[in-house]
Q: 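Once you've had a glance at the structure underneath, I'll fire off some questions.
Reckoned from all heavy atoms, side chains included, excluding hydrogens, waters and symmetry mates.
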Amino acid sequence: MSMKQTILRYDALFEEQSEGGYTVTVPALQGCISEGDTFEEAKANIAEAIQLYIEDLAADGEKIPEDTTVFIDHIKIATQV
């Protein structure tokens with residue numbers, strides 16, 4: 001008998017840090033955060049963090065949040081400060 005597999009998809013927000021590296025958060029999974037020295041490392045680390053987050057929710061019998069779509073754009077303003 002085969003087990004049913006569900007593919008989950010989540011938006012991740014990568015923020016480049018001034019001291020180097022990236023911090024990554026997942027808006028749909030409150031408190032799910034990771035980091036990495038490179039973008040690739042940060043991406044791998046957040047994938048692992050998401051997996052652990054989902055496993056913890058399942059173990060506690062909690063509902064697994066669905067992805068929420070996040071739109072990001074650059075907003076330019078002119079200011080005199």
Side-chain angles (χ1 to χ4, degrees):
M1 181 184 332
S2 64
M3 294 193 59
K4 180 181 173 184
Q5 183 179 29
T6 301
I7 303 296
L8 301 174
R9 180 182 161 269
Y10 291 97
D11 290 331
L13 177 61
F14 292 77
E15 295 181 71
E16 192 169 8
Q17 300 301 306
S18 59
E19 64 275 3
Y22 294 84
T23 299
V24 192
T25 57
V26 181
L29 304 175
Q30 185 176 0
C32 187
I33 185 170
S34 191
E35 58 188 10
D37 291 333
T38 65
F39 181 82
E40 292 77 18
E41 182 182 329
K43 188 174 178 181
N45 290 346
I46 198 61
E48 182 179 356
I50 291 168
Q51 183 68 42
L52 293 171
Y53 191 103
I54 298 299
E55 288 173 5
D56 284 348
L57 288 176
D60 292 341
E62 295 183 38
K63 182 179 183 234
I64 297 172
E66 294 182 18
D67 183 34
T68 55
T69 302
V70 177
F71 294 98
I72 298 175
D73 198 357
H74 294 278
I75 307 301
K76 295 179 182 181
I77 61 169
T79 183
Q80 294 179 343
V81 182

Q: Would you indicate whether Glu62, at its atom CD, is surrounded by more than 12 heavy atoms from other residues, nucleotides or ligands within a distance under 6.0 Å?
A: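 For Glu62, atom CD is crowded (more than 12 foreign heavy atoms under 6.0 Å).
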Q: Are there more than 12 heavy atoms of other residues, nucleotides or ligands under 6.0 Å from atom CD of Glu19?
A: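 It does: Glu19 CD has more than 12 such atoms within range.
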Q: How long is the gap from OG1 on Thr25 to CG on Asp11, to the nearest 0.5 Å?
A: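 Thr25 OG1 to Asp11 CG: 10.5 Å, rounded to 0.5 Å.
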Q: Going by side-chain hydrogen bond (donor to acceptor under 3.5 Å, both in side chains), name the residues that satisfy it together with Thr38, two or more places apart in sequence or in a different chain.
A: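 Here no residue qualifies.
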Q: Using the rule that two of Ile, Leu, Val, Met, Phe, Trp, Tyr join whenever any of their side-chain heavy atoms come within less than 4.5 Å, decide whether Leu52 and Ile54 are in one cluster.
A: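 Different clusters: Leu52 never reaches Ile54 through Ile, Leu, Val, Met, Phe, Trp or Tyr contacts under 4.5 Å.
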Q: Could you pull out the closest heavy-atom pair between Ala28 and Glu66, with the gap in Å?
A: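 Scanning both residues completely, I find the closest heavy atoms to be CB-O, 3.6 Å.
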Q: Decide yes or no for Ile46 and Val26: does some side-chain heavy atom of the first lie under 4.5 Å from some side-chain heavy atom of the second?
A: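 SC-SC contact between Ile46 and Val26 confirmed.
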Q: Atom SG in Cys32, atom CD in Gln51: separation rounded to 0.5 Å?
A: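 Answer rounded to 0.5 Å: 10.5 Å.
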Q: Which heavy atom in Gln17 sits nearest to a heavy atom in Thr23, and how many Å separate them?
A: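 The answer is NE2-OG1, 3.3 Å.
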Q: Please, which pairs that meet ring pair (Phe, Tyr, Trp, His ring centres under 6.0 Å) have at least one residue in residues 36-63, sequence neighbours excluded?
A: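 Sorted pair list: Phe14-Phe39, Tyr22-Phe39.
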Q: For Val24 and Ala42, which heavy atoms make the closest approach, and how far apart are they?
A: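 Result for this residue pair: CG2-CB, 3.7 Å.
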Q: Please give me the minimum heavy-atom distance between Pro65 and Leu57, naming the atom from each residue.
A: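 Closest approach of Pro65 to Leu57, heavy atoms only: CD-CD1, 3.5 Å.
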Q: Between CD1 of Ile50 and OH of Tyr10, what distance do you get to the nearest 0.5 Å?
A: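 Reported value, rounded in 0.5 Å steps: 8.0 Å.
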Q: So which atom in Ile33 and which in Ala49 form the shortest heavy-atom distance, rounded to 0.1 Å?
A: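 Taking Ile33 first and Ala49 second, the nearest heavy atoms are O-CB, 4.4 Å.
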Q: Mind checking what makes side-chain hydrogen bond (donor to acceptor under 3.5 Å, both in side chains) contact with Glu15, not counting sequence neighbours?
A: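 Not a single residue meets the side-chain hydrogen bond (donor to acceptor under 3.5 Å, both in side chains) criterion with Glu15.
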